[in-house]
Q: 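Just dropping this structure here.
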Amino acid sequence: MRSMLVSLVLTFLFIFNSAFLPSASIAPSVTHDSGITITDALGRSVTLSGTPKRIVLAGKALFMIADAIYTFPEAGKNIVSLGSTAQGSGNFIPLIDPTFKDKITLESNAGAEQIAATKPDCVILKSSNKSTLGDPLEQLNIPVVYLDFETADQYARDMKTLGQIFQNPDRAEKIMAYYTGKVESVTKVISNLKDDQKPKTLLLYYSEKDGAVSFNVPPLGWMQTYIVQTAGGQPVWKDANPSKGWTKVNLEQVAAWNPDVIFVVAYATPVDEAVKTLKADTQWQGLKAVKDNKVYGFATDIYSWDQPDTRWILGLEWAATKLHPDLFKDLDIIKESKEFYKELYGMEDAAYTKDIQPTLKGDVK
């Protein structure tokens with residue numbers, strides 16, 4: 001009886017091991033990475049073998065998409081090469097990427113062959129670079145992902161794409177929840193305003209080139225127009241620019257608009273100097289906005305807050321405080337700026353005080 005019981009136990013153990021443990025003659029199963037397929041800003045399906053470990057950022061207007069890409073903590077270690085992320089004398093990325101100095105720096109006019117030499121497994125470009133740079137890269141069988149990051153709607157779409165690239169959809173959702181919450185906090189306050197309660201507003205790009213000063217207004221679909229409208233202003237130029245880029249306007253046109261508020265942006269000239277120049281010009285002193293002291297240098301730190309850069313959300317909040325100071329008297333833009341850098345880039349207050357606060361320009365307060 002005892003020997004029979006032992007035999008049964010041994011038989012059970014043999015059957016169990018045969019069914020659930022790999023045999024020496026059969027290799028254990030391996031899970032192969034089937035890759036990830038994403039849809040980029042141009043509606044193209046792009047398949048990557050997995051989370052790219054050698055990402056290259058290149059092309060014109062790079063800093064705007066670079067700032068968005070770096071909101072993902074994985075970006076710094078996965079980006080191996082990038083072009084210029086500076087605008088004027090400012091460059092933000094070195095402040096948040098301790099490995100920046102070790103990356104391969106591309107020339108501003110780097111072509112497909114130079115980029116290919118960095119051995120990328122993914123190149124990220126603004127979609128405006130497709131014909132000049134993207135197509136030649138694709139001919140070399142290098143995966144290219146296009147992003148826009150030009151409008152508020154595109155921000156949601158392109159952040160989702162980055163979440164797929166870095167396999168971090170939770171981070172993408174958290175970032176967009178931050179943006180959505182800030183937009184809603186502004187629009188909720190001004191939702192009951194009538195049109196006659198919204199100041200006639202002009203946003204001017206002040207440019208000095210070859211000693212000549214020019215004034216430009218943005219197209220209706222650009223971020224600058226969105227900021228003014230969403231912050232509770234009436235863009236006086238909205239019917240004057242059907243183009244796809246900045247359009248020059250003269251003083252006669254500005255005088256005809258005679259706005260209640262003027263926002264001045266300047267990318268190559270210090271914005272404080274641009275505002276000072278306009279206010280001192282006798283031809284401008286007859287304008288209502290100048291008389292009422294409502295000509296404001298658009299808030300700026302390393303980059304101006306009016307652009308379709310990650311800082312546009314700060315620009316929206318700032319513009320709301322200038323257009324409707326009574327309604328937003330409790331909104332502390334410095335506090336909001338600190339929160340922005342902490343939420344998006346993990347920057348602590350000490351680093352903000354050291355690296356960002358000294359760069360603040362325009363009518364920030």
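Bear in mind the structure is a predicted one, so any value in this text is a computation, not a measurement.
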Q: Linking I/L/V/M/F/W/Y whenever their side-chain heavy atoms sit closer than 4.5 Å, directly or via other members, would Leu82 and Leu106 fall into one cluster?
A: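 The answer is no; the residues belong to distinct hydrophobic clusters.
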Q: Any sub-3.5 Å donor-acceptor pair from Gln114's side-chain atoms to Gly111's backbone N or O?
A: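 Yes, because the side chain of Gln114 sits within donor-acceptor range (under 3.5 Å) of the backbone of Gly111.
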Q: Between Lys294 and Asp292 (salt bridge meaning N to carboxylate O under 4.0 Å), is one present in this structure?
A: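 The answer is no: the pair does not qualify as a salt bridge.
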Q: Is Asp363 reaching over with its side chain to a backbone N or O of Gly297, donor-acceptor style, under 3.5 angstrom?
A: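 It does hold such a pair.
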Q: Can you check side-chain hydrogen bond (donor to acceptor under 3.5 Å, both in side chains) on Gln87 and Gln307, steps first, answer last?
A: CA-CA 12 Å; Gln87 185 181 46; Gln307 303 173 95; 2.8 Å; yes
Q: Going by heavy atoms in the side chains, are Val249 and Val254 under 4.5 Å from each other?
A: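 Yes, close enough: below the 4.5 Å cut-off.
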Q: Membership question, hydrophobic clusters at under 4.5 Å side-chain separation (ILVMFWY): are Leu42 and Met64 in the same one?
A: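 In one cluster: no.
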Q: Honestly curious: do Val56 and Ile36 fall in one hydrophobic cluster under the side-chain, below-4.5 Å linking rule?
A: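 Different clusters: Val56 never reaches Ile36 through Ile, Leu, Val, Met, Phe, Trp or Tyr contacts under 4.5 Å.
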Q: Do the non-hydrogen side-chain atoms of Leu203 and Thr225 ever get within less than 4.5 Å of each other?
A: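 No; the side chains remain at least 4.5 Å from each other.
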Q: Does this structure show an ion pair linking Glu343 with Lys182, if we count only N-O contacts that are shorter than 4.0 Å?
A: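 Salt bridge between Glu343 and Lys182, a charged N being under 4.0 Å from a carboxylate O: no.
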Q: Kindly determine whether Asp153 and Thr151 satisfy side-chain hydrogen bond (donor to acceptor under 3.5 Å, both in side chains), including the steps that lead there.
A: CA-CA 5 Å; Asp153 289 340; Thr151 69; 5.3 Å; no
Q: Are any non-hydrogen side-chain atoms of Leu62 and Ser84 less than 4.5 angstrom apart?
A: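 Contact flag for Leu62/Ser84 side chains = no.
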Q: In plain terms, say whether Arg171 and Glu74 are close enough for a salt bridge, that is, a side-chain N and a carboxylate O under 4.0 Å apart.
A: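 Salt bridge between Arg171 and Glu74, a charged N being under 4.0 Å from a carboxylate O: no.
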Q: Check whether Ser304 reaches the backbone of Thr300 with its side chain - one donor and one acceptor, N or O, closer than 3.5 Å.
A: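 Not confirmed, Ser304 side chain does not pair with Thr300 backbone.
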Q: Using a 4.5 Å cut-off on heavy atoms from C-beta on, say whether the side chain of Asn216 contacts that of Ser207.
A: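 Contact flag for Ser207/Asn216 side chains = yes.
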Q: Between Asp148 and Lys126 (salt bridge meaning N to carboxylate O under 4.0 Å), is one present in this structure?
A: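 Looking at Lys126 together with Asp148, the answer is no, because their closest N to O distance does not fall below 4.0 Å.
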Q: State, to 0.1 Å, how close Pro136 and Leu133 come at their nearest heavy-atom pair, and which atoms those are.
A: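 The answer is CD-O, 3.2 Å.
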Q: Consider ring-ring contact (aromatic ring centres under 6.0 Å, His included). Of Trp312, Tyr206, Phe263, Tyr303, which one does Phe298 pass it with?
A: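 Only one of Trp312, Tyr206, Phe263, Tyr303 forms a ring-ring contact (aromatic ring centres under 6.0 Å, His included) with Phe298, namely Phe263.
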Q: Around Lys60, counting heavy atoms of other residues, nucleotides and ligands shown, do more than 12 lie under 6.0 Å from its NZ?
A: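 Counting other residues, nucleotides and ligands, NZ of Lys60 stays at 12 neighbours or fewer.
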Q: Cluster question for you: counting only ILVMFWY and a side-chain heavy-atom cut-off of under 4.5 Å, with indirect links fine, are Val217 and Tyr296 together?
A: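 As far as the 4.5 Å side-chain criterion goes, Tyr296 and Val217 are connected within one cluster.
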Q: Whether the side chain of Asp40 engages the backbone of Ser45 through a donor-acceptor N/O pair (distance < 3.5 Å, no angle test) should be reported.
A: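 It does not hold such a pair.
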Q: Apply salt bridge (Lys or Arg N to Asp or Glu O under 4.0 Å) to Glu348 and Lys338, showing your working.
A: CA-CA 8 Å; Glu348 297 299 329; Lys338 287 182 180 180; over 6 Å; no
Q: Check the pair Asp260 / Lys288 against salt bridge (Lys or Arg N to Asp or Glu O under 4.0 Å), numbers first and verdict last.
A: CA-CA 6 Å; Asp260 301 311; Lys288 185 178 187 301; 3.4 Å; yes
Q: Could you tell me the separation between the OG atom of Ser127 and the CD atom of Glu150, rounded to the nearest 0.5 Å?
A: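 The distance works out to 7.5 Å.
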Q: Between Glu173 (side chain only) and Asp170 (backbone N and O only), is there a donor and an acceptor less than 3.5 Å apart?
A: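 Not a single qualifying donor-acceptor pair exists.
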Q: Going by heavy atoms in the side chains, are Ile93 and Ile96 under 4.5 Å from each other?
A: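 Touching, per the 4.5 Å side-chain cut-off.
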Q: What is the distance from atom CD1 of Ile142 to atom CD1 of Ile115, rounded to the nearest 0.5 Å?
A: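 The CD1 atom of Ile142 sits 7.5 Å away from the CD1 atom of Ile115.
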Q: Nearest heavy-atom pair of Gly233 and Thr201: which atoms, and what distance?
A: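 Residues Gly233 and Thr201, closest heavy atoms: CA-OG1, 3.8 Å.
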Q: Drop me the distance from Leu147's CG to Asp158's CG, to the nearest 0.5 angstrom.
A: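 So the gap between those two atoms works out to 5.0 Å.
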Q: Classify the ring geometry between Phe340 and Tyr178 as parallel (under 30°), tilted (30 to 60°) or perpendicular (over 60°).
A: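 Phe340 and Tyr178: tilted rings.
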Q: Under 3.5 Å, side chain of Thr230 to main-chain N/O of Ile227, donor-acceptor pair present?
A: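 The answer is no, because no donor-acceptor pair under 3.5 Å joins these two groups.
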Q: Please check: side-chain N/O of Gln285 versus main-chain N/O of Lys279, any donor-acceptor pairing under 3.5 Å?
A: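 Pair found, side chain donor or acceptor close to backbone of Lys279.
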Q: For the side chain of Thr277 and the backbone of Glu273, is there at least one donor-acceptor N/O pair under 3.5 Å apart?
A: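 Pair found, side chain donor or acceptor close to backbone of Glu273.
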Q: At their closest point, which heavy atom of Arg44 faces which heavy atom of Val144, and how far apart are they?
A: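 Nearest pair, atom of Arg44 first, then Val144: NH1-O, 3.2 Å.
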Q: Would you indicate whether the side-chain heavy atoms of Val183 and Ile313 approach each other to under 4.5 Å?
A: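 Ile313 vs Val183: side chains touch.
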Q: Measure the shortest side-chain to side-chain distance between Glu336 and Glu317 over non-hydrogen atoms and say whether it is less than 4.5 angstrom.
A: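 Glu336 vs Glu317: side chains touch.
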Q: With rounding to the nearest 0.5 Å, note down the distance linking CD1 in Ile65 to CG in Asn129.
A: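 Here the rounded value is 8.0 Å.
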Q: Knowing that exactly one of Trp246, Trp237, Trp284, Trp257 qualifies, which makes a ring-ring contact (aromatic ring centres under 6.0 Å, His included) with Phe215?
A: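 Only one of Trp246, Trp237, Trp284, Trp257 forms a ring-ring contact (aromatic ring centres under 6.0 Å, His included) with Phe215, namely Trp284.
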Q: Which residue pairs pass the ring-ring contact (aromatic ring centres under 6.0 Å, His included) test when at least one of the two sits in residues 98-151, sequence neighbours left out?
A: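 Of all non-adjacent pairs touching residues 98-151, those that pass ring-ring contact (aromatic ring centres under 6.0 Å, His included) are Phe149-Tyr155.
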Q: Looking at Phe92, I'd like to know if the NZ or CZ of Arg311 sits under 6.0 Å from its six-membered ring centre while staying within 45 degrees of the ring's axis.
A: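 So Arg311 does make the cation-pi contact.
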Q: To the nearest 0.5 angstrom, please state how far the NZ atom of Lys248 sits from the OH atom of Tyr205.
A: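 It is 10.0 Å, given to the nearest 0.5 Å.
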Q: Are any of the side-chain heavy atoms of Met223 and Asp306 separated by less than 4.5 Å?
A: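 Side chain of Met223 against side chain of Asp306, heavy atoms only: no contact under 4.5 Å found.
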Q: Using every non-hydrogen atom in the two residues, find where Ser81 and Ile104 come nearest and quote the distance to one decimal.
A: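 For Ser81 and Ile104, the tightest heavy-atom pair comes out as OG-O, 2.9 Å.
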Q: Is there a side-chain hydrogen bond (donor to acceptor under 3.5 Å, both in side chains) between Asp301 and Tyr352 once you walk through the steps?
A: CA-CA 11 Å; Asp301 51 45; Tyr352 177 91; over 6 Å; no
Q: Charged N to carboxylate O below 4.0 Å: is that the case for Lys130 and Asp135?
A: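 Salt bridge: yes.
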Q: Does Lys160, at its NZ atom, have more than 12 non-hydrogen atoms belonging to other residues, nucleotides or ligands within less than 6.0 Å?
A: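 No, because the 6.0 Å sphere around NZ of Lys160 holds 12 heavy atoms or fewer from other groups.
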Q: Return the minimal non-hydrogen interatomic distance between Gly232 and Lys198, and the atom names on each side.
A: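 For Gly232 versus Lys198, the nearest heavy atoms are O-CB, 3.3 Å.
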Q: So which of Leu48, Thr37, Ile38 actually passes side chain to side chain contact (heavy atoms under 4.5 Å, CB included) with Gln164?
A: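 Running side chain to side chain contact (heavy atoms under 4.5 Å, CB included) over Leu48, Thr37, Ile38 with Gln164 returns exactly one hit, Ile38.
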Q: Same cluster for Trp318 and Tyr179 if Ile/Leu/Val/Met/Phe/Trp/Tyr side chains link at under 4.5 Å?
A: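 Shared cluster, yes.
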Q: Under the side-chain hydrogen bond (donor to acceptor under 3.5 Å, both in side chains) rule, what do Trp305 and Asp309 come out as? Steps first, then yes or no, please.
A: CA-CA 7 Å; Trp305 294 359; Asp309 167 70; over 6 Å; no
Q: Of all the heavy-atom pairs spanning Gly362 and Asp272, show the shortest one and how long it is.
A: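 Gly362 and Asp272 have their closest heavy atoms at N-OD1, 2.9 Å.
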Q: I'd like to know if the side chain of Lys200 reaches the main chain of Val261, judged simply by a donor and an acceptor atom lying under 3.5 Å from each other, with no hydrogens or angles considered.
A: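 A pair under 3.5 Å: no.
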Q: What is the distance from atom CG of Leu57 to atom OG1 of Thr85, rounded to the nearest 0.5 Å?
A: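 Between Leu57 CG and Thr85 OG1, I get 9.0 Å after rounding to 0.5 Å.
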Q: Examine distances only and state if a side-chain atom of Lys361 and a backbone atom of Thr359 form a donor-acceptor pair shorter than 3.5 Å.
A: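 The answer is yes, because a donor-acceptor pair under 3.5 Å joins these two groups.
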